Amino acid sequence: MSEMFISEPMALLFSASLLALTFLAYFAGLWTFRKAQHFSLLHPLVSSCLLIAALLYSLDIDYARYQRANNVFYWLLGPATVALAIPLNREFDRIRALALPLLLTLLLGTIAAPLCALTLASLFSADPLTLLSLTPKSVTTPIALSIAKEIGALGELTAGVVIFTGVVGAIAGPSLLRLLGVSDERLQGFTLGINAHGVGTARAFDISPVCGAFSSLALGLTGVLTALTLPTLLLWLPKIF
Amino acid sequence: MNSPKNMIIDTLKGLAVLVLFQLLGEGLAQILPLPVPGPVVGMVLLFFVLRQLPPPTWLISTAGRLISLLSLFFIPAGVGIFFLPEALRQQWPAILAAIIGGTLLSIALTGLILKALTRALLNNE
């Protein structure tokens, strides 16, 4: 951050434009999403990431440069995560009523998510490092990165995979669940939180505040539980794969 | 009450509280050492405080605003998927299979498990 102020005015202006690019792409994406009546494939996170990536490629701008200029968003994820305590508190009575099935599903879900990823990836003969980097994919980014470090996975790959997993879950999750007859918003929210962390939670809040609260709960619990269990689970896995 | 000036002050007050809990969380995660990031610990701490005293409206509105912008905050990280290191390019099919197939599979599994486990409870409502 400090480097931004020491460097010359042109560099500062460039950083400001890269920051503005994120805002513009997001609000353009949001506008389109609303015009298209919340058609999932046009979710602002998808359209704006595609738009920005296309622009960075065509203008030959370094991704690291873009990322540095947009650090403020990474920073805001902290207070936004803390803010999830408010819907969680508001919906706590509804959550407590379903406590036991929620906890059981959570236990199974935190094991199922990495296993599903490993199974699919090994069908396409991924190398061991890639496999390892895929395992924390359903966990919120900061937890996933600290898990990646602990199990010796590739942090950059894990970060990208985590976000993209969230995007896939946010796009396809609600329709898939409806197709399977899981129509209750509380159950949809909790499933999104287990499998698609913060991005899925953002989508859950689009559906309803109750859906969002259940997703927030699952997001937090999945992160904590995966951090505690995944290193142990990985000790067992070589015997299976 | 709803003037822009008040809105800004309310947002700043709300942000200050949220950041304070994040810092408390970071501190606690360091001391205990928990394998959990500070903001998640901060969320749990704030939750326990809110069980004791109800949140003021300015905190509710700030939290609501931040949560509605969650997608925006993920954009810079999301763009990164298009800029993976060269060495990983040949792993693309496996990575895509895990991300798309794996995620759909685990969503279907957990959704169905949850539905089956809650059937009795939800039917009584």
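Below, chain A is the first sequence line, B the second, and so on; all start at residue 1. Predicted model only: the values in this text are computed from it and were never measured.
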**Prompt:** When B/Thr103 is tested against each of A/Thr165, A/Val167, A/Val161, A/Ile171 for side chain to side chain contact (heavy atoms under 4.5 Å, CB included), which residue passes?
**Reply:** A/Thr165
**Prompt:** Picking from B/Ile113, B/Leu96, B/Val44, which has the most non-hydrogen pairs under 4.5 angstrom with chain A?
**Reply:** B/Ile113
**Item:** Given A/Leu56, A/Thr22, A/Leu55, the one that forms side chain to side chain contact (heavy atoms under 4.5 Å, CB included) with B/Val79
**Value:** A/Leu56
**Complete:** Taking every heavy atom of B/Ile67 against every heavy atom of A/Ala83, the minimum-distance pair comes out as CD1-O, 3.8 Å
**Request:** Using non-hydrogen atoms and a 4.5 Å limit, figure out which bit of A/Ser133 sits close to chain B: side chain, backbone, both or neither.
**Result:** neither
**Fill in**
Which of A/Thr191, A/Thr110, A/Asn195 passes side chain to side chain donor-acceptor pair (under 3.5 Å) with B/Thr110? Answer is A/Asn195
**Request:** Sort out for me which of A/Val182, A/Thr105, A/Leu145 touches chain B most, counting heavy-atom pairs under 4.5 Å.
**Result:** A/Thr105
**Fill in**
If one checks every heavy atom of B/Thr62 against chain A at 4.5 Å, the contacting part turns out to be neither
**Request:** Output the option from B/Leu46, B/Thr118, B/Leu114 having the highest count of non-hydrogen pairs under 4.5 Å with chain A.
**Result:** B/Leu114
**Request:** Give the member of B/Val17, B/Ile75, B/Leu66, B/Val40 that has the highest number of heavy-atom pairs under 4.5 Å with chain A.
**Result:** B/Ile75
**Item:** Best-contacting candidate, A/Ser216, A/Cys49, A/Gly29, A/Pro114, against chain B by heavy atom pairs under 4.5 angstrom
**Value:** A/Cys49
**Fill in**
Applying a strict 4.5 Å limit to non-hydrogen atoms, the region of A/Leu102 in contact with chain B is both
**Complete:** Comparing A/Gly160, A/Ala117, A/Pro79 against chain B, the one with the most heavy-atom pairs below 4.5 Å turns out to be A/Pro79
**Asked** When rounded to the nearest 0.5 angstrom, what is the spacing between CD1 in B/Ile107 and CG in A/Leu177?
**Response** 6.5 Å
**Request:** Could you tell me which of A/Val46, A/Leu154, A/Ile86, A/Leu51 has the largest number of non-hydrogen atom pairs under 4.5 Å with chain B?
**Result:** A/Ile86
**Asked** Quick check, are the ring centers of A/Tyr57 and B/Phe82 under 6.0 angstrom apart?
**Response** no
**Message:** Less than 4.5 Å to any heavy atom of chain B: does that hold for the side chain of A/Leu120, its backbone, both, or neither?
**Reply:** both
**Asked** Between A/Gly198, A/Ala159, A/Gly109, which has the largest tally of heavy atom pairs under 4.5 Å with chain B?
**Response** A/Gly198
**Complete:** Honestly, the part of A/Leu176 sitting under 4.5 Å from a heavy atom of chain B is side chain
**Asked** Quick one: are A/Trp75 and B/Val19 in side-chain contact, heavy atoms under 4.5 Å?
**Response** yes
**Request:** Sort out for me which residue in A/Val199, A/Leu77, A/Thr81 forms a side chain to side chain contact (heavy atoms under 4.5 Å, CB included) with B/Leu70.
**Result:** A/Leu77
**Item:** Contact winner vs chain B - A/Leu104, A/Leu157, A/Leu108, heavy-atom pairs under 4.5 Å
**Value:** A/Leu157
**Fill in**
Of the listed B/Leu105, B/Ile95, B/Leu50, the one with the largest count of heavy-atom pairs under 4.5 Å with chain A is B/Leu50
**Request:** Name the region of B/Leu72, side chain, backbone, both or neither, that has any atom closer than 4.5 Å to a heavy atom of chain A.
**Result:** both
**Fill in**
Of all heavy-atom pairs linking B/Met43 and A/Ala85, the shortest is O-CB, 3.3 Å
**Asked** What are the two closest non-hydrogen atoms of B/Gln91 and A/Thr130, and how far apart are they?
**Response** OE1-OG1, 3.2 Å
**Message:** Check the orientation of B/Phe74 and A/His197. Use parallel for under 30°, tilted for 30 to 60°, and perpendicular for over 60°.
**Reply:** perpendicular
**Pairs of heavy atoms under 4.5 Å with chain A: top-ranked of B/Ala116, B/Gly42, B/Gly38, B/Gly80** = B/Gly80
**Asked** Quick one: what part of B/Leu45 sits under 4.5 Å from any heavy atom of chain A, side chain, backbone, both or neither?
**Response** neither
**Message:** So which atom in A/Asn70 and which in B/Pro76 form the shortest heavy-atom distance, rounded to 0.1 Å?
**Reply:** CB-CG, 3.7 Å
**Request:** Compare every heavy atom of B/Ile99 with every heavy atom of A/Phe164, then report the nearest pair and how far apart it is.
**Result:** CD2-CG2, 3.4 Å
**Item:** chain A contact via B/Leu15 - side chain, backbone, both or neither, heavy atoms under 4.5 Å
**Value:** side chain
**Side chain, backbone, both or neither of A/Leu84 within contact of chain B (heavy atoms, under 4.5 Å)** = both
**Asked** What's the spacing between B/Gln90 CD and A/Asp127 CG if we round to 0.5 Å?
**Response** 7.5 Å
**Request:** Would you indicate whether B/Lys13, at its atom NZ, is surrounded by more than 12 heavy atoms from other residues, nucleotides or ligands within a distance under 6.0 Å?
**Result:** yes
**Prompt:** With only heavy atoms counted, which part of B/Pro93 is less than 4.5 Å from chain A, the side chain, the backbone, both or neither?
**Reply:** both
**Complete:** Scanning both residues in full, the closest heavy-atom pair of B/Ser71 with A/His43 reads OG-CE1, 3.4 Å
